[in-house]
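Being a predicted model, the structure only gives us computed values, none of them experimental.
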Amino acid sequence: MHDAYEAVPILEKLPLQIESIACWEEMLLVGTKPGHLLLYRIKADAVSSRYEVTLEKSNRNFAKRIQQLWVVPQRKILISLCDNIVCVHDLATFQVVVTAHKTKGATLFTCDLRSHTGELRLCVVVRKKLQLFTWKNGDLIEFQPDLCLPDFPKSIAWCGDSICVGFKRDYYLAKADGRGSCKELFPTGKQLEPLVVSLTDSKLAVGRDDMTIFIDEEGTMQKHALRWTDVPISLEHQHPYIIAVLPRYLEIRTIEPMLLVQSIDLQKPRFITSGGPNIVYVASSQYVWRLLPVPIATQIEQLLQEKQFDLALQLAQMTNDSDSEKQRRIHHIQNLHAFHLFCQRFFEQSMAKFSTLGTDPSHVIGLYPDLLPLDYKKQLQYPAELPQLMGSELERGLMALIDYLTQKRNHLVKHLHDSEGGITAPIVMGVQTIRSRKKLLQIIDTTLLKCYLQTNVALIAPLLRLENNHCHLEESERVLRRAQKYSELIILYERKGLHSKALNLLKQQSQKSNSPLTGHERMVQYLQRLGKDNLKLIFEFSPWVLKDNAEEGLKIFTEDLPEVENLPRVEILGFLENNACDLTIPYLEHVIYNYMDTQPLFHNRLIELYREKVLGLLKQYLQSLEPGQKPSTVGKEPGLLGEFRSRLIRFLESSIHYQPEQLITDFPLDGLLEERAVLLGRMGNHEQALLIYVHVLHNNELAENHCRKFYDKEKEGNKDVYLLLLRTYLQPPAFKQLGVIGDMVQKSQADRKAALRLLKQSYNRLDTIRALRLLPLDVEMREIGDFLEKVLEEKWQQKHYYQLLKGLCYTQHLRAQEHKIFYENVKFVITEERVCRVCRKKIGNSAFARYPSGVVVHYSCCKDPKVCPME
């Protein structure tokens, strides 16, 4: 409790019994039981908290009995209920202006001055009826028929367009909307004394024994209700307080929050009235007191000591200080409230308030242990000693802090470039705050990292992977190492661009059996993401991976990732040749087959590596043969030799990007002849290629496949390839050629059977005359009969085709001539009266155009020859 008001005596031991009081500004009206009306001027003493009381006017014959007084200063009138009739008086002279004769027998009335329209309404209780008037043009005018009630009202009050009526046992709500509806609310309680008081235009206070219930104009009860220490006789609302007159004293409470503020002992108080803010009078039968408000600043100090922050905040908003001073005080109270909530372990509510207040996040973080550097924390100040948080309390607090910091972080990131600095406020005025947004983000991210270490380690990695991660490097490194979170530490290094430190740590941890980073997988993944800008680091840290696990190490340069695919391949090839020569073939195969690289350098180099591999394996194979044992034929060699030779031949045949002229000199003349033949064919030297196939390798199938591959009747060098094969079959060279190959060719014989078969199968790819000239003179007609028949048949089919084509063309020509004659037979005459169907002018001697439909237009009017303008 605190002191909100001081009861200052105004009138003491008045000889007349007080029946009613009313006030406005400096004036106080007192109506007595004998009918005297007294007007006092109450003037405050500027020095002390006392008042100068002057009797301004006294009217001993005002009425026989004054029952109720109501002052309306805005209309300069006094409404009275005297001798059971309602009258309106001039406020200056107390002369009767209007007497409402219809109200004879009245026992109670209430007024309502509507704030939004200025309309003055009056409700008068006459027996079991409510009479409704409005003050207009200096007269009381009925605006609705009387409302009939089930009982005699004892208390009434306006609330919007509703009138709350208290009977002996029940409360009702009557509508002043012309329909006269009435709604029962709830019983009055055991005391059977109703009390209805209007608080605002839309809110009522209704008594029920020692409790006050709040309702709106529809009769809906509000959630909160006040309970008094005794049954109230009367109520008055002075925001934020509600003052109740109890049988022995005054009691002052607040609605939100529901607090008992003060009790003031008075001698049998009965009446209470208000003339505006801070003008409250209380009266008993012979005494009148004025409630003098305690200065708001004093009340606020008392409330802050009692930790009543909500009420202190309401009072702070009512001060007459300048806007800046008022906001400073409000902000101070809110900060104290947020700090108090934190000390009471209401962490979520505390963080929500700090967030709304824009408190410096570093000051909020300082509320928790071990989150800020000690040197910085010593500079902070707090309203009281910080609570010691441990165990589950600390965990709950950290969870609330995480939500708060996440919200702050998102806001700062969003507005990072709005201005150079940020505006934050301290918890205790005068303490220095951080204005740099980047500095705040660094503190927030580093604190989030520490919070996650204590609450949810799974969130550390996502935080560190953020592109705009601002974690302080040294502090984050320290806490992560202490917690042995090496995976997360590597992420931190990576985001900060400290790749060398990350890779060294990975190398150390990969060699520890109990580490989660043991092995090469994480190192390979890291190197794959570095990209071409960090090629030196890749070359520095990849050799030990290649040495320990070549297959995993190769993935550094071949993984299906954009960073890997964009690495400089020439430099990688050179690096592998120097550090892991066995991986050059797999790497080149990946570059050619997966990346579809067409650079001749890679294709040439792969062929060279295949050749070297094949020659080495071939040498080992020949050395392993037993004396007299013949080697296997090409393509049927055992093991790796057969595999690599097949890959070499397949690549020579499929690739079109290598340079055979540069490669052929490296292929020996006493071995790899099939490969040499492929190279000769690619160079266009088909004669030597066929010579090797037929007379050295004795493989006619390969020779014929060669012809099928290169034959092109439109290309000069390839259209006679079958003729060359025929000559190779029939005329083996009789001279030494290409060293060892020449010796082997000289021993070869003509293959007449193969030549005749070629004539029969490829008759349509051979020049017939030249082929016949190559045949030996002793060839009989029956041997080439099938060949000649197929040639003649093909020639006859060609002749028949061209004859048919000629006939079709002639028929089309005749049809075109027929159409021409048909259209040329059309006749039309251009007379002097003939007009253009577009511009409606005469054709005359102008150029014209005629559509197939017969429409004639000027040539210049013919916009589209295909579209007739009249259709």
Side-chain angles (χ1 to χ4, degrees), residues 1-7 153-157 159 162 164-173 183-200 202-274 280 282-284 289 291 293-294 299 302-303 305-315 337 344 346:
M1 295 175 63
H2 77 282
D3 293 336
Y5 291 95
E6 178 187 356
K154 289 181 172 292
S155 182
I156 59 172
C159 184
S162 301
C164 187
V165 184
F167 302 111
K168 189 175 182 179
R169 290 182 174 82
D170 302 288
Y171 287 104
Y172 276 70
L173 195 68
K183 172 184 177 183
E184 183 178 358
L185 298 179
F186 45 80
T188 56
K190 297 178 181 179
Q191 297 296 326
L192 305 180
E193 287 296 330
L195 177 62
V196 182
V197 178
S198 177
L199 300 182
T200 62
S202 59
K203 196 171 183 180
L204 287 168
V206 180
R208 187 175 184 182
D209 294 333
D210 62 347
M211 186 168 59
T212 296
I213 300 170
F214 301 99
I215 64 173
D216 61 16
E217 61 180 316
E218 300 299 326
T220 304
M221 287 191 294
Q222 306 299 308
K223 293 181 180 180
H224 45 263
L226 289 181
R227 189 173 292 276
W228 307 92
T229 55
D230 205 340
V231 179
I233 299 172
S234 183
L235 293 175
E236 186 61 52
H237 183 230
Q238 284 282 306
H239 181 76
Y241 303 118
I242 186 165
I243 307 169
V245 177
L246 304 182
R248 292 175 297 169
Y249 50 85
L250 293 184
E251 193 165 282
I252 303 169
R253 291 181 178 269
T254 56
I255 301 174
E256 291 182 5
M258 289 188 179
L259 297 174
L260 171 60
V261 175
Q262 186 181 8
S263 294
I264 303 176
D265 288 330
L266 296 176
Q267 187 175 351
K268 296 181 180 180
R270 291 178 57 198
F271 312 104
I272 186 168
T273 188
S274 171
V280 182
V282 180
S284 64
W289 299 272
L291 297 184
V294 174
Q299 292 189 58
Q302 295 178 21
L303 289 169
Q305 291 176 3
E306 296 175 5
K307 311 300 184 185
Q308 298 297 337
F309 300 101
D310 290 336
L311 184 54
L313 186 60
Q314 292 183 51
L315 292 176
H337 190 192
Q344 296 300 311
F346 296 113

Heavy-atom check, side chain of Ile264 versus side chain of Trp289, under 4.5 Å: no

Got a donor-acceptor contact below 3.5 angstrom from the Ser234 side chain to the Phe271 backbone? no

Of all heavy-atom pairs linking Thr254 and Pro240, the shortest is CG2-O, 3.6 Å

Using atom types as modelled and distance alone, determine if a side-chain donor or acceptor of Asp216 lies under 3.5 Å from a backbone N or O of Ser202. no

In terms of ring plane angle, is the pair His224 and Phe214 parallel, tilted or perpendicular, where the classes change at 30° and 60°? tilted

If we ignore hydrogens and angles and just use 3.5 Å, is the side chain of Gln314 paired with the main-chain N or O of Glu256 as donor and acceptor? yes

Please check this pair: side chain of Gln299 against backbone of Val294, looking for a donor-acceptor N/O pair closer than 3.5 Å. yes

Geometric class of the His337/Phe309 ring pair [parallel <30°, tilted 30-60°, perpendicular >60°]: parallel

Can you sort out the partners of Thr229 under side chain to side chain contact (heavy atoms under 4.5 Å, CB included), two or more places apart, ordered by chain and number? Leu246, Tyr249, Glu251, Arg253

Mind checking the CE-CG spacing from Met258 to Leu311? Nearest 0.5 Å is all I need. 13.5 Å

Does the side chain of Leu291 reach to within under 4.5 Å of the side chain of Leu250, using non-hydrogen atoms? yes

Could you grab the distance from atom OH of Tyr5 to atom CD of Gln238, nearest 0.5 Å is fine? 4.5 Å

Just wondering, do Val197 and His237 contact through their side chains at under 4.5 Å, heavy atoms? no

Please check this pair: side chain of Lys183 against backbone of Glu218, looking for a donor-acceptor N/O pair closer than 3.5 Å. yes

Rounded to the nearest 0.5 Å, what's the gap from CD1 on Ile233 to CZ on Arg248? Could you check? 11.0 Å

Output the distance between atom CG (Leu315) and atom CG (Asp310), rounded to the nearest 0.5 Å. 11.0 Å

Got more than 12 heavy atoms from elsewhere within 6.0 Å of CE, Met221? no

Is the shortest side-chain heavy-atom distance between Ser155 and Tyr171 below 4.5 Å? no

I want to check something: taking the side chain as every heavy atom from C-beta on, are Val245 and Arg270 in contact at a cut-off of under 4.5 Å? no

Sub-3.5 Å donor-acceptor pair from the side chain of Gln262 to the main-chain atoms of Ala4, do we have one? yes

Determine the minimum heavy-atom distance between Asp210 and Arg227, stating which atoms define it. OD1-NH1, 3.1 Å

Ile255 and Leu226, any side-chain heavy atoms less than 4.5 Å apart: yes

Distance check, rounded to the nearest 0.5 Å: Leu195 atom CG versus Lys154 atom NZ? 13.0 Å

Please find the pair of heavy atoms, one from Gly166 and one from Val196, that lie closest to each other, and give the distance. N-CG2, 4.2 Å

If you count heavy atoms of other groups shown closer than 6.0 angstrom to CD of Glu184, is the number above 12? yes

For the CD atom of Gln308 and the CG atom of Leu313, what is their distance to the nearest 0.5 Å? 12.5 Å

